[in-house]
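So that the names make sense, note that chain A is the first sequence line, chain B the second, and so on, each numbered from 1.
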Amino acid sequence: MKTQFIPIDYSYFDFEGKNYALIYGRDPNNKKVCLIDSCPVYLWAILKDKTSKEKIEEIKKKIEKIEIDAKSRKTKVEKVEIENKNFLNREVKALKIYATNYKDLHDVADKIDFPEIEKRRGYDLGFTTHYILERRLEPLNWYEIEGEMLNNSDEFGGIDQIMNADFVIKMKSFKNLKENEFEPKVLAYDIETDDLKIGKGEILMISLVSKEFKKVITWKKIDTKKDYVEFVKDEKEMLEKFCKYVKEISPDVLVGYFSDGFDMPYIKERAEKFKIKLNLGIDNSQPKSSGGASSSSRIEGITHVDLLKFISTTYSQYMQSETLSLNEVAKEFLKDTKKEFKIQHSSKLKEHNWEEYYEYNLHDSELTLNLFEKFWPDMLEFSRIIKEPLFEISRNGLSKQMESYILHNLSRFNEIPEKRPMNNEISERIQRGGVKGAFVYEPKPGIYENIAMFDFTSMHTSIIISYNISKETLEEKGKNQFQSPEIEIDGKNKIFYFSRKPGFVPTILKEIFEKRKRFKEEYKKDPNIFTKARSNAFKLLSASAHGYIGFSGARYYSWEASSSILAYVRQFNIETIKKIEKLGHKVIYGDTDSVAFLINKDSKEDIKNLLKRLNEKLPGVMELELEGFFKRGIWVTTREGKSGAKKKYAMIKEDGEVKIRGFETVRRDWCKLAREVQDKIIRLILNEGNEKKALEYFKEVVEKLKKREIKKEDLIIRTQLTKPISEYKSISPHVVAAKKIKENEEPMAHGSLIEYYIAETNTKSKLIRDKVKLIDEKGEYNIEYYLKNQILPAVENIFNIFKIDLDYLIEGKKQMKLGDFK
DNA sequence: ATATACACGGATCCCCTATTTCC
DNA sequence: GGAAATAGGGGATCCGTGTA
């Protein structure tokens, strides 16, 4: 039979000792299809140079006899081929060793310990990655499949009979189709419980939402007119209903928000408690957790996506939201917020509260569904570009994404994949220590007018490409090589040398770099969610290239490469600063890849010409870009007041657009008042060019604070608890607040933002932590603290630019009477 | 285990010395 | 008068959060 097919999720099973890939997807009629396929399984043994033909034949014969009898199955070497391959850009002879079962490749590798074998590789990719590499049946692309339909067949032990798929097909062949469109069937879910500790409390209700389906299942009965609420007898029945609905709807994607860390493990634990089989899988299997600390839950045949994971690993650095709570993320991307509802223990809830609770529960699933749809184009593009399934794409960090992209492109270079570093190698890498980073120019504090800012486009990546820097291109000193700038190691200067023969990593990055440019243009011409997503995906890959090379867990980690890249980064930045100064412009600031300088009397055209001239001298794909012209900008001293503060500045464009970096205004661990006051003062000064209005405004605020006219909400301080309370060596205010929350037995998730304020207390203690109160705790806010430790520090450096000293304000309580401000 | 380094700055920790308190 | 307690200064360290 023939059909069209789009692969969504990949898995595999063993039958008679061999591996078979299971690929779940859809046909054009939206029928759920499960494909069964197989692929050759092998690893590589790289031979030492100059191994004689006879010797190779001899080893080959020995390897062909390897058999492994373990784990209730027999694996043997099926055949061995000799091939000319590349490994780390070097031509090698390698043995391709085919074996019965992928999981035994490691054991096979252990038996190939002949002295003529230099390295063994290619057995640690994971079966799914290996399969996709081998067969090129890539996720989320359309194919025409030819195969045999299994219907009540005995093949593979009757696998088609236990699969709840519309079709189970044993694949014979396939070909690519151009067809692009695909919309997955998505079901979102969310649970409400009485205790945040996994499995400890009861699950009160579960909501399920898809495009056509809306339901809240609960055993807490009250009179309600809400038709989406379905009552069941008890928690046990609710869990069974949940399974039943998921199976009936049979979605491609089951999506939750923090569901890897909360909803799914909770449901699992409760099901275990009630001895219910949570048979969500297409083969009636239960969800499987893996990954320890930040585990993930996999459901056979349905892609379980924890949207929080995708957003936090891939997008959080480009987002405005200060937390990744569903509420805030929904606000940013959907302009929608959670329903107002204060979660209480169910025993405290009144009858009418329950209605709101149902609504709240349903709404969370709706938000999750809508957010998924918002991010779907991005996940789809990522999956297609990186060629890994949605399940992996939605969970992997940037380094893993980068690595997968490289692995899926190696065959073009005839390259054997490098192995993952072992734990001891990772420790060695970490022990060797990090590399010296970029250069930051120390600004001279002050207010400046007419500023231009240049920055390098994708600086690290363009350096890697232009100088061919990578693990595989690193060489001993020779002729005609790229040389890194001098790098200081243990007091001595060292230079690293890189081949001119293009390495595969720089080549792959060059492609990414060019595609990034092309798709950015495409998006500009045709702005839609898909062109944006594609442009975004390449932007992210491009941006994480250097981080990958310097990451101790990377296959293609290289300390030397990373050091060299950064040495170039420093060199280019410093040289650019020098060149601009030589042309008569005063440089104000620069950080890593940027330079800000005074335009003087020059016109914008002059500056653009200057940029053009600088660009003519740059090598390879390196490019300097105009970040913008600014009417005015301010730089301040550090708190100590002796030097100019780096990574802290504010500038304004002609059109009034303000760019604020590093100031307390953009930091979430300062109270709202301090942030707003600072923001306003910065804007007033940037607009006016002097401090007059700002100072008046500031005095007003101080007056208000002293008269307690500021709302307590504006004084709440929010700090993240980043680890368990007991692990803190230093007991800071937010730790004290967290302890209080715990004592009150209020819900507090790991990593949550702790909110508190500093109150007036009788305590003699000078420690701030002894004045901490939770929001709901009665008390007056501590005026002295908010003056001395919040609003003054936020603005005094700014006023110092104008030689205005606010010091007399912080001398002490006595002097801070109302009359001090005139 | 889950991309890198640089940087600021609050708050506590910790050591030391001076001062105060207590007997 | 002398020992113990306390205060306060100041650098080191921890911690959170930014920029690039």
Side-chain angles (χ1 to χ4, degrees), chain A residues 291-294 296 309 312-314 317 322 392 395-403 420-423 425-427 429-430 433-443 455-456 458-460 540-541 543-554 556-557 559 561-563 565-566 569-570 573 589-594 627 636-640 643-649 659-670 674 717-723 727-736 751 753-754 758 764-772 785 788-790 793-794 797:
Chain A
S294 68
S296 46
K309 268 197 182 144
S312 62
T313 54
T314 313
Q317 47 184 140
E322 282 175 10
E392 281 72 21
R395 286 173 177 78
N396 290 342
L398 286 175
S399 72
K400 196 79 211 294
Q401 312 277 36
M402 189 71 226
E403 188 154 284
R420 260 199 315 260
M422 297 290 158
N423 281 343
E425 287 170 85
I426 295 180
S427 329
R429 291 172 179 185
I430 291 170
V435 296
K436 193 176 167 195
F439 167 78
V440 189
Y441 184 99
E442 189 189 312
D455 62 14
F456 284 94
S458 305
M459 192 184 204
H460 300 74
L540 276 167
L541 281 176
S544 48
H546 171 248
Y548 172 77
I549 291 171
F551 166 52
S552 56
Y556 295 104
Y557 166 87
W559 191 92
S562 180
S563 297
I565 294 161
L566 284 162
V569 167
R570 292 191 292 274
N573 194 288
Y589 185 61
D591 183 350
T592 311
D593 60 357
S594 66
E627 221 283 313
V636 296
T637 63
T638 61
R639 180 66 71 237
E640 277 169 3
S643 52
K646 298 168 175 180
K647 298 186 187 287
K648 247 183 143 173
Y649 62 92
K659 177 176 178 168
I660 300 179
R661 292 291 122 97
F663 274 108
E664 283 73 5
T665 294
V666 300
R667 297 179 60 88
R668 70 173 182 191
D669 55 351
W670 283 70
I717 297 165
R718 295 177 180 81
T719 315
Q720 195 182 15
L721 195 70
T722 58
K723 53 190 176 190
E727 282 177 26
Y728 279 88
K729 286 182 187 165
S730 177
I731 310 303
S732 42
H734 79 292
V735 178
V736 171
L753 272 195
I754 306 294
I758 305 302
K764 269 196 225 155
S765 168
K766 291 240 162 93
L767 295 176
I768 313 272
R769 67 168 173 227
D770 294 326
K771 298 174 185 162
V772 165
Y785 172 83
K788 270 170 83 172
N789 297 38
Q790 293 276 330
N797 295 350

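Across dT19(C) and dA3(B), the matching C1' atoms stand 16 Å from one another, rounded to whole Å.
At a threshold of 4.0 angstrom between heavy atoms, the contacts of Thr719(A) are confined to the sugar-phosphate backbone, with no base atom among them. Looking at heavy-atom distances under 4.0 Å, Ile426(A) makes no contact with the nucleic acid at all. Within the 4.0 angstrom heavy-atom criterion, no nucleotide atom of any strand lies near Tyr557(A). Counting non-hydrogen atoms under 4.0 angstrom, Tyr589(A) reaches nothing in the nucleic acid. Across all strands, Gly547(A) comes closer than 4.0 Å to base atoms (heavy-atom distances). Across all strands shown, Asn789(A) has heavy atoms under 4.0 Å from sugar-phosphate atoms exclusively, and none from any base. Counting any heavy atom pair closer than 4.0 Å across all strands shown, Gly553(A) reaches no nucleic acid atom. Nucleic acid contact for His460(A): none, since no nucleic acid atom lies under 4.0 Å from a heavy atom of the residue. If you check every strand for non-hydrogen atoms under 4.0 Å, Ile549(A) touches nothing. Counting non-hydrogen atoms under 4.0 angstrom, Trp670(A) reaches the backbone sugars and phosphates but no base. Among the heavy atoms of the strands, none lies under 4.0 Å from Val735(A).
When the P atom of dG16(C) is taken as reference, atom CZ of Arg639(A) falls 20 Å away, rounded to whole Å. If you measure from atom CZ of Phe456(A) to atom C1' of dA20(C), you get 14 Å, rounded to the nearest angstrom. When rounded to the nearest whole Å, the span between NZ of Lys646(A) and C1' of dT19(C) equals 13 Å.
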Table of protein N/O atoms under 3.5 Å from nucleotides 7-9 of chain C N/O atoms:
unit_1: dG8(C); atom_1: OP2; unit_2: Lys766(A); atom_2: NZ; d: 3.0

Nucleotide N/O to protein N/O under 3.5 Å, stretch nucleotides 12-14 of chain C:
none

Could you check Asp591(A) against Lys646(A) for salt bridge (charged side-chain N to carboxylate O under 4.0 Å, His left out), going step by step and ending with a plain yes or no?
CA-CA 8 Å; Asp591(A) 183 350; Lys646(A) 298 168 175 180; over 6 Å; no
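Summarising the geometry, atom CG belonging to Asn396(A) is positioned 13.5 Å from atom CE belonging to Met402(A); distances are rounded to the nearest 0.5 Å. One finds the NZ atom of Lys400(A) at 14.0 Å from the OG atom of Ser544(A) (value rounded to the nearest 0.5 Å). Put simply, CD on Gln401(A) and CD on Glu392(A) are 10.0 Å apart, with the number rounded to the nearest 0.5 Å.
Using a 4.5 Å heavy-atom threshold, the side chains of Trp670(A) and Gln790(A) count as touching.
At distances below 3.5 Å, at least one donor-acceptor pair connects side-chain atoms of Arg429(A) with backbone N or O atoms of Ser552(A). For the pair Arg639(A) (side chain) and Pro793(A) (backbone), a donor-acceptor distance under 3.5 Å is present. Ser730(A) places no side-chain N or O within 3.5 Å of a backbone atom of Ser732(A) that could act as its donor or acceptor partner. Asp669(A) contributes no side-chain N or O that, together with a main-chain N or O of Thr719(A), makes up a donor-acceptor pair within less than 3.5 Å. Looking only at distances, a side-chain donor or acceptor of Arg570(A) sits under 3.5 Å from a matching main-chain atom of Gly437(A).
Remark: Arg668(A) is not in phosphate contact with dG16(C), judged by side-chain N or O atoms under 4.0 Å from OP1 or OP2. Taking 4.0 angstrom as the limit, His734(A) places none of its side-chain polar atoms (N or O) nearer than this to OP1 or OP2 of dC15(C).
Residues that satisfy the salt bridge (Lys or Arg N to Asp or Glu O under 4.0 Å) test with Arg769(A), not counting sequence neighbours, are absent from this structure. Considering only residues two or more places apart in sequence or on other chains, His460(A) meets the side chain to side chain donor-acceptor pair (under 3.5 Å) condition with none of them.
Put simply, chain A comes within 4.0 Å of DNA chain B, heavy atom to any atom, from dT2(B) to dC13(B), going 5' to 3'.
Taking a pair as Watson-Crick or G-U with both hydrogen-bonding distances under 3.5 Å, the stems of three or more pairs touching DNA chain C are B:4-23 with C:1-20.
The residue from Arg661(A), Lys647(A), Lys648(A) that alone fulfils the side chain to side chain contact (heavy atoms under 4.5 Å, CB included) condition with Tyr589(A) is Lys647(A).
Heavy atoms only, all atoms of each residue included: Thr722(A) and Tyr728(A) are closest at N-OH, 3.0 Å.
For Thr637(A) and Lys647(A), each mapped to the nucleotide of DNA chain B holding its nearest heavy atom, the one lying further toward the 5' end belongs to Lys647(A).
Donor-acceptor pairing under 3.5 Å is lacking for the side chains of Tyr556(A) and Glu403(A).
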